[in-house]
Amino acid sequence: MTLPLLLATLACGPGPIHLSTITDTRVIAIQGSPPEPGPGETTRLTATVANPRERELEILLWTCVPWEGRCLEEDTLPSLSDQAGIVSVAGGSASTSHRVPDVPWPLPEAVLDGLLAAEDAPAEIDSIPVQVSALACPRNECDVVNRVRGGLRRDDATGGSIGRDLRDPRRWMVDLPLRSVSLATKTLRIARPDQDVRNRNPVVEARWLAARDDVLVMDRDVPYELAFFVDDPDRDTVRAYGYTTLGRFHDRSEEVEDNAVRLYLLPEEAGRGELWVVFEDDEGGTTVWEKDIRIR
């Protein structure tokens with residue numbers, strides 16, 4: 001079973017007992033709004049990060065359009081700030097946003113024509129991939145974040161050693177700290193210019209009375225049901241993934257069937273915590289529903 005639209009995920013240090021249980025920093029979702037922009041359009045990238053240790057974190061967000069062994073950004077973007085951004089957050093969970101201008105910055109027509117004309121290309125190419133990565137790290141503890149910060153201050157171009165690092169995280173992952181660090185990568189899509197119908201993020205509505213409360217209150221060792229109505233163009237591919245800092249979810253994920261899904265949280269200890277339900281479809285659409293919880 002794969003993580004929801006995260007092509008690669010790294011969480012340094014001891015792992016949680018259960019995949020749905022979060023005990024340290026973890027990037028649990030990356031969302032594009034919209035998830036399938038057209039050439040020259042703008043999308044907002046958001047990384048949702050669980051931070052149960054309430055450390056002061058920095059979130060490095062960057063993009064890479066794979067092209068002939070490099071990121072296309074290295075040839076088409078005037079400065080590093082158009083490819084990467086750093087946001088500082090502190091305490092609890094955090095959603096961080098970085099506006100990427102002119103996705104795909106803009107993709108040259110010659111490149112798009114080349115993709116469509118490639119010998120191994122399918123008869124119809126509806127979109128091209130954009131790899132979006134998010135690294136959550138305690139402030140000043142990840143060298144790659146400091147290097148990107150320096151490049152942003154100098155308004156560097158996107159080529160050179162920083163460009164190579166952003167293209168291939170394997171160059172520096174081994175040097176990351178052992179704790180409170182999480183790296184995740186997912187794929188969004190750039191729509192073909194003449195494509196009228198594009199994917200959008202799922203529309204989610206919680207369907208139980210207590211969901212309207214600021215804090216969900218539940219009893220220890222009594223399974224708690226979370227029910228949702230989900231609308232999405234790719235509704236047949238949507239899955240719901242549960243995460244919690246207290247207790248665990250009964251199943252790693254659940255399929256959305258007939259626009260509805262139910263998940264069961266197993267509250268195994270008393271206290272206060274947070275939970276997230278991440279809804280993902282197969283085309284890059286993502287929606288995050290989150291709540292504080294209290295187990296008595």
Side-chain angles (χ1 to χ4, degrees), residues 1-7 9 18-22 26-38 41 43-48 50 93 95 97 124 126-127 129-130 132 184 186-192 195-218 222-244 247-267 273-293:
M1 182 176 297
T2 58
L3 291 177
L5 285 179
L6 300 183
L7 299 184
T9 301
H18 190 270
L19 284 173
S20 68
T21 305
I22 295 177
R26 196 190 308 186
V27 179
I28 61 175
I30 300 174
Q31 181 183 53
S33 300
E36 192 177 359
E41 294 182 353
T43 188
R44 178 177 293 277
L45 303 179
T46 301
T48 299
S93 64
S95 294
S97 298
E124 287 282 328
D126 294 328
S127 58
V130 181
V132 183
K186 72 172 292 181
T187 298
L188 295 180
R189 298 284 175 178
I190 300 174
R192 204 172 63 185
Q195 184 175 332
D196 295 329
V197 180
R198 305 176 190 172
N199 192 38
R200 57 175 171 79
N201 291 316
V203 177
V204 175
E205 179 185 349
R207 287 290 182 90
W208 76 101
L209 187 61
R212 302 176 182 177
D213 299 337
D214 293 336
V215 179
L216 295 182
V217 180
M218 55 198 72
V222 178
Y224 190 89
E225 179 187 271
L226 293 81
F228 299 91
F229 173 84
V230 182
D231 185 28
D232 187 81
D234 296 293
R235 62 177 61 88
D236 293 338
T237 70
V238 177
R239 297 191 72 93
Y241 297 79
Y243 300 92
T244 178
R248 61 185 175 89
F249 279 86
H250 183 267
D251 293 307
R252 177 70 181 89
S253 68
E254 294 285 353
E255 292 184 1
V256 174
E257 297 181 353
D258 298 324
N259 296 91
V261 65
R262 288 178 170 79
L263 299 94
Y264 292 89
L265 178 66
L266 305 180
E274 299 166 279
L275 68 79
W276 302 260
V277 181
V278 180
F279 299 85
E280 302 273 5
D281 64 34
D282 282 350
E283 297 298 325
T286 304
T287 295
V288 181
W289 189 90
E290 56 187 292
K291 278 286 185 183
D292 292 333
I293 61 175

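What you see is a predicted model; the values in this text were computed from it and never measured.
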Do R239 and E280 have side chains that approach each other closer than 4.5 Å (heavy atoms only, starting at C-beta)? no
Using atom types as modelled and distance alone, determine if a side-chain donor or acceptor of N259 lies under 3.5 Å from a backbone N or O of V230. yes
Just distance, no hydrogens or angles: give the donor-acceptor pairs under 3.5 Å from side chains in residues 28-35, sequence neighbours left out.
residue : atom : partner : partner atom : Å
Q31     : NE2  : T286    : O            : 2.3

Do side-chain atoms of D251 reach the backbone of E254 as a donor and acceptor pair under 3.5 angstrom? no
Is L275 close to W289 at the side-chain level, that is, under 4.5 Å between some pair of heavy atoms? yes
In sequence, state the C-alpha distance, the side-chain angles, and the governing distance for F229 and V203, and then conclude on side-chain contact (heavy atoms from CB on, under 4.5 Å). CA-CA 8 Å; F229 173 84; V203 177; over 6 Å; no
How about Y241 and F279: are their ring centroids closer than 6.0 Å? no
Quick one: does E36's side chain have a donor or acceptor within less than 3.5 Å of a partner on R198's backbone? no
Mind checking whether M218 and L265 have side chains closer than 4.5 Å, heavy atoms only? yes
T21 and R248 side chains, donor-acceptor separation under 3.5 Å: no
Smallest separation among heavy atoms of G284 and L188, with atom names: O-CD2, 3.6 Å
In terms of heavy-atom contacts, G242 and S20 come closest through O-CB, 3.2 Å
Do T187 and V132 have side-chain heavy atoms sitting under 4.5 Å apart? no
Taking A211's backbone N and O only, do any of them form a donor-acceptor pair with K291's side chain (distance below 3.5 Å, no angle check)? yes
Across all chains, not counting sequence neighbours, the side chain to side chain donor-acceptor pair (under 3.5 Å) partners of R207 are E205
Side-chain heavy atoms of Y264 within contact of L226, under 4.5 Å: no
Is the shortest heavy-atom distance from the side chain of F249 to the side chain of L266 under 4.5 Å? no
Could you tell me which residues satisfy side-chain contact (heavy atoms from CB on, under 4.5 Å) with A260, sequence neighbours excluded, listed by chain and number? none
Min side-chain heavy-atom separation D292-D214 under 4.5 Å: no
Would a distance-only check, ignoring hydrogens and angles, find a side-chain to backbone donor-acceptor pair under 3.5 Å from D213 to V215? no
Keeping the roles fixed (side chain from T237, backbone from D281), state whether a donor-acceptor pair exists under 3.5 Å. no
Output for pair (N201 CG, T287 OG1), nearest 0.5 Å, gives 4.5 Å
For Y224 and P267, work out which heavy atoms get closest and say how close. N-CD, 4.4 Å
Roughly how far, to the nearest 0.5 Å, is CZ of R26 from CG of L19? 7.0 Å
Does W276 reach the side chain of T48, with side-chain heavy atoms less than 4.5 Å apart? yes
